[in-house]
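I have placed the structure first, in the form of structure tokens, so that the comments after it can refer back to it.
Throughout, a chain's letter reflects where its sequence line sits, starting with A, and its residues are numbered from 1.
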2 protein chains.
Amino acid sequence: MPLSTPPAVDQKETLRLARTFAALGDPTRLKIALTLATGEMRVQGLADLLGISPSAVSHALRRLKDLALVRHRADGQNRWYSLDDGHVAAILQTGLEHVRE
Amino acid sequence: MPLSTPPAVDQKETLRLARTFAALGDPTRLKIALTLATGEMRVQGLADLLGISPSAVSHALRRLKDLALVRHRADGQNRWYSLDDGHVAAILQTGLEHVRE
DNA sequence: TTAATATATGAAAGGATATTCATATATACA
DNA sequence: TGTATATATGAATATCCTTTCATATATTAA
């Protein structure tokens, strides 16, 4: 889908976009994102399901949260994480279609 | 967009998807991809436009090509690079929408 | 063939980064 | 209160990765 004009993407926007893709470019964080695409989960649940330490999960979630890829709601001492919006699910979906073709 | 069932994403597919996002997660490669979204270009043209050495551009393009994010057609000693398919443009576009919201 | 141009490639170094470990915070429960 | 549980955080290290530099390959022109 070539465009007729150069994209108006400034440097700051480009760097943020790069950090966004890089966040999904780590296997651990990507697994977390793909899992959250199925519904909300707690840190411990993700750790158990993926076989990663809760600390590593928490670090990963912070990174995803900084870039607005995930969000969470508090519930007592628990935090239920989910994907932040439809864009994230769409990016994951399109990415999957690409690697599957 | 929560799904009703866990996504059927096997380990191999997940790793390839992670490598795909990681490829777009480097500022240099992302700039190249965004530029190619406007049309095909040669290595030298990308190097001049982005202020990067042709060697660095070539390394970046190889990585993008390995993951089927870009393709090229030969033309004498030149190679005209372009985005590989619509998925790539869609991922870039959705990513931009996300960082802009 | 020789020279020139365009691109690719391998190795190495410097910088970025994910995980671990120890600790901190926050909430719930007794 | 004090204890247990859930999560977060900082520092350190070990690993990964991008760029540079030198060189190689390929194509064109002379």
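The aromatic ring of B/H59 sits over the base of C/dT9, with ring centres less than 5.5 Å apart and planes tilted by under 30°.
Atom pair B/R63:CZ and C/dT9:P shows a separation of 15 Å (rounding to whole Å applied). When the P atom of C/dA6 is taken as reference, atom CZ of B/R79 falls 14 Å away, rounded to whole Å. Rounded to whole Å, the distance from CZ on A/R42 to C1' on C/dA28 is 14 Å. Spacing between atom CD of A/Q77 and atom C1' of C/dC29 amounts to 9 Å, rounded to whole angstrom units. Atom CG of A/N78 and atom C1' of C/dC29 are 14 Å apart (whole Å). Across the protein-nucleic acid pair, B/D66 atom CG and C/dT9 atom C1' stand 13 Å apart, rounded to whole Å. C/dT7 atom C1' lies 14 Å from atom CH2 of B/W80, rounded to whole Å. At whole-Å resolution of the value, CG in A/L61 and P in D/dT9 are 11 Å apart.
Contact check of residues 23-31 of chain A against DNA chain C (heavy atom, cut-off under 4.0 Å) returns A/D26, A/T28, A/R29.
For the pair A/R79 and A/D75, the minimum side-chain heavy-atom distance is 4.5 Å or more. B/R62 is listed as a side-chain neighbour of B/D66, based on a closest heavy-atom distance under 4.5 Å. Side chains of B/L61 and B/L46 form a contact here, defined as non-hydrogen atoms less than 4.5 Å apart.
In terms of polar N and O atoms assigned as donor or acceptor, the side chain of B/S55 never comes within less than 3.5 Å of the base of D/dT19 in a complementary pairing.
Projected onto DNA chain C by closest heavy-atom contact, A/S53 and B/A56 fall at different nucleotides, the more 5' of which corresponds to B/A56.
Remark: side-chain polar atoms of B/H87 are not paired, donor with acceptor, to backbone N or O of A/V99 under 3.5 angstrom.
Between B/Y81 and B/H72, the ring planes are tilted. Angles from 30° to 60° get that label.
The side chain of B/R62 contributes no N or O atom lying less than 4.0 Å from OP1 or OP2 of C/dA8. The phosphate of D/dA6 has neither OP1 nor OP2 within less than 4.0 Å of any side-chain N or O from A/Y81.
Sorted by first then second residue, the salt bridge (charged side-chain N to carboxylate O under 4.0 Å, His left out) pairs that include residues 23-35 of chain A, not counting sequence neighbours, number zero.
For A/R16, the CZ atom counts as densely surrounded, since its 6.0 Å shell holds more than 12 non-hydrogen atoms of other residues, nucleotides or ligands.
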